[in-house]
Amino acid sequence: MVEPFAGLRIFDAAAVREVLTYEAAIPVVRDAMIALSDGRVRQQLRSFIGLGEGRTFAIMPAALSEGGAFGAKLVSVFHDGRGRKAHEGLVVLFEGETGAPVCLADATEVTAIRTAAASAVATDALARPDAHVLAVLGTGRQAEAHIRAISKVRPLKEVRVWGRNPQQAQALAERVGAIAACLYAAVEGADIVCTTTAAADPILPGALVAPGVHVNVVGSSGPGQAEIDADLVAKARFIVDHREHVLAHGGEFLRARAVGAVGDDHIAGEIGEVLVGRVPGRRTPDEVTVYKSLGHAAQDLAAAAWLYERSRT
């Protein structure tokens, strides 16, 4: 019997982690975000199927180019009720010429790496060149990933960690050589702030964010969640990964719009537009910049395509 899909390459979590380094992932994600903004990538809004309280199945399809590779990420997102969430799933890549599936990759690992890589891309484009103090809010996988990824684009001299669970914050700080601190102490004097929590309601008020700070808003991925308040949305130059998705699913922006703090035109542009110079990023040293990240199939499939092509050489 002929084995079906004999050419299918499979990358489990360990295989993804071994080869998809941040040095590799950052330029891959950068190119994917440019392609998403200029229309070469075609993707639909992610679709969700509720599976009960705190449990969701999501499908994220995209085509990387006309006649090129295409596929989807299939992922479950389960909240444990204590402020933590777990992603499990697969990234499925199809070859563009024959339509055959050619690659399966562990979605948890791909998501962790590409999300932090996307924040590193945004930080490189939007943070002040002299930024060197990082505050990470959250203690999960993305918190650690962001510390490692941001260090590839800025020479960090100090890293601070805050979490709602002080023991977890201390454990993360010890693993990565950071300082565990209360929220105020973590954010005060920081040049870059990353929010990586599963919080349903804002944990970072605009009043704590000083002029010149860059903020990556990462943890909230649906319209019912928000990590930063309307004040911070309104006072920042608000850059997004993808305008259409943020208008539909960006919880922080939607809450700020609902209370009249901003309108749709407050979205200054997409990060892909900033990267090619179509839209200005940071305009002054004192400007507060926010990058709202929802995460996209374009990033997942670009990472899977890189894994697949590398395995063939």
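Throughout, residue positions are numbered sequentially from 1 according to the sequence presented.
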Closest contact, heavy atoms only, [X] versus [Y]:
X      : Y      : answer
Val246 : Phe238 : CG1-CE2, 4.4 Å
Gly281 : Arg237 : O-NE, 2.9 Å
Ala149 : Ala116 : CB-O, 3.5 Å
Leu156 : Val159 : CD1-CG2, 4.0 Å
Asp300 : Met60  : OD2-CE, 4.0 Å
Ala298 : Ala62  : N-CB, 4.3 Å

Apply side chain to side chain donor-acceptor pair (under 3.5 Å) to the pair Thr197 and Glu227, showing each step before the final yes or no. CA-CA 7 Å; Thr197 73; Glu227 292 186 292; 2.7 Å; yes
Distance from [X] atom [atom1] to [Y] atom [atom2], nearest 0.5 Å?
X      : Y      : atom1 : atom2 : value
Arg160 : Cys182 : CZ    : SG    : 10.0 Å
Leu134 : Asp191 : CG    : CG    : 9.0 Å
Ile150 : Arg148 : CD1   : CZ    : 13.0 Å
Ser119 : Arg114 : OG    : CZ    : 10.0 Å
Arg128 : Asp286 : CZ    : CG    : 8.0 Å
Arg255 : Ser220 : CZ    : OG    : 9.0 Å

Practice prompt. Step by step, work out the side chain to side chain contact (heavy atoms under 4.5 Å, CB included) result for Asp38 and Val276.
Written response: CA-CA 10 Å; Asp38 69 21; Val276 298; over 6 Å; no
- Task: If a pair satisfies side-chain hydrogen bond (donor to acceptor under 3.5 Å, both in side chains) and one of its residues is in residues 45-56, list it, with sequence neighbours excluded.
- Result: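 side-chain hydrogen bond (donor to acceptor under 3.5 Å, both in side chains) check on residues 45-56 returns no pairs.
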Flag the pair [X] / [Y] as yes when at least one side-chain heavy-atom distance between them is below 4.5 Å, and no otherwise.
X      : Y      : answer
Gln167 : Gln170 : no
His242 : Leu294 : no
Glu144 : Val136 : no
Val240 : Leu247 : no
Lys73  : Val110 : no
Ile271 : Leu126 : yes
Thr289 : Ile239 : no
Arg42  : Glu66  : yes

| request: Start with the C-alpha gap between Val121 and Leu275, add the side-chain angles, then the distance that decides, and say whether side chain to side chain contact (heavy atoms under 4.5 Å, CB included) holds. | output: CA-CA 9 Å; Val121 169; Leu275 293 171; 3.8 Å; yes
Check your understanding: Any idea how Phe94 and Phe70 line up, ring-wise: parallel (<30°), tilted (30 to 60°), or perpendicular (>60°)?
Key ->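 Parallel, since the angle between the ring planes stays under 30°.
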Compile the donor-acceptor pairs under 3.5 Å between side chains in residues 18-34 and protein atoms, sequence neighbours left out, one pair per line.
from	atom 1	to	atom 2	distance (Å)
Thr21	OG1	Ala24	N	3.2
Glu23	OE2	Lys152	NZ	3.0

Is there a donor-acceptor contact under 3.5 Å from the side chain of [X] to the main chain of [Y]?
X      : Y      : value
Lys235 : Gly206 : yes
Glu174 : Ala171 : no
Arg282 : Gly212 : yes

Next on the checklist: Can you confirm whether Glu309 is buried at CD, in the sense that more than 12 heavy atoms of other residues, nucleotides or ligands lie under 6.0 Å from that atom?
Outcome noted: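 Count over threshold, so yes.
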Would you mind writing out the side-chain donor-acceptor pairs for residues 262-269 within the sub-3.5 Å range, not counting sequence neighbours?
from	atom 1	to	atom 2	distance (Å)
Asp264	OD1	Arg257	NH1	2.7
His266	NE2	Val233	O	2.6
His266	NE2	Ala236	O	3.3

Report task. Any chance you could lay out the side chain to side chain contact (heavy atoms under 4.5 Å, CB included) test for His214 and Arg154, step after step, and finish with the verdict? Result -> CA-CA 12 Å; His214 171 66; Arg154 287 295 185 274; over 6 Å; no
* Asked: Would Thr123 and Asn216 count as having a side-chain donor-acceptor pair, cut-off 3.5 Å?
  ->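 Side-chain D/A pair, Thr123 to Asn216: present.
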Return yes if a side-chain donor-acceptor contact under 3.5 Å exists between Thr196 and His146, otherwise no.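 There is no such pair (donor and acceptor under 3.5 Å, judged by atom type) between the side chains of Thr196 and His146.
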Discussion item. Could you go through Val161 and Ile147, starting from their C-alpha distance and side-chain angles, then the distance that decides it, and tell me whether this counts as side chain to side chain contact (heavy atoms under 4.5 Å, CB included)?
Written reply: CA-CA 10 Å; Val161 173; Ile147 293 169; 4.1 Å; yes
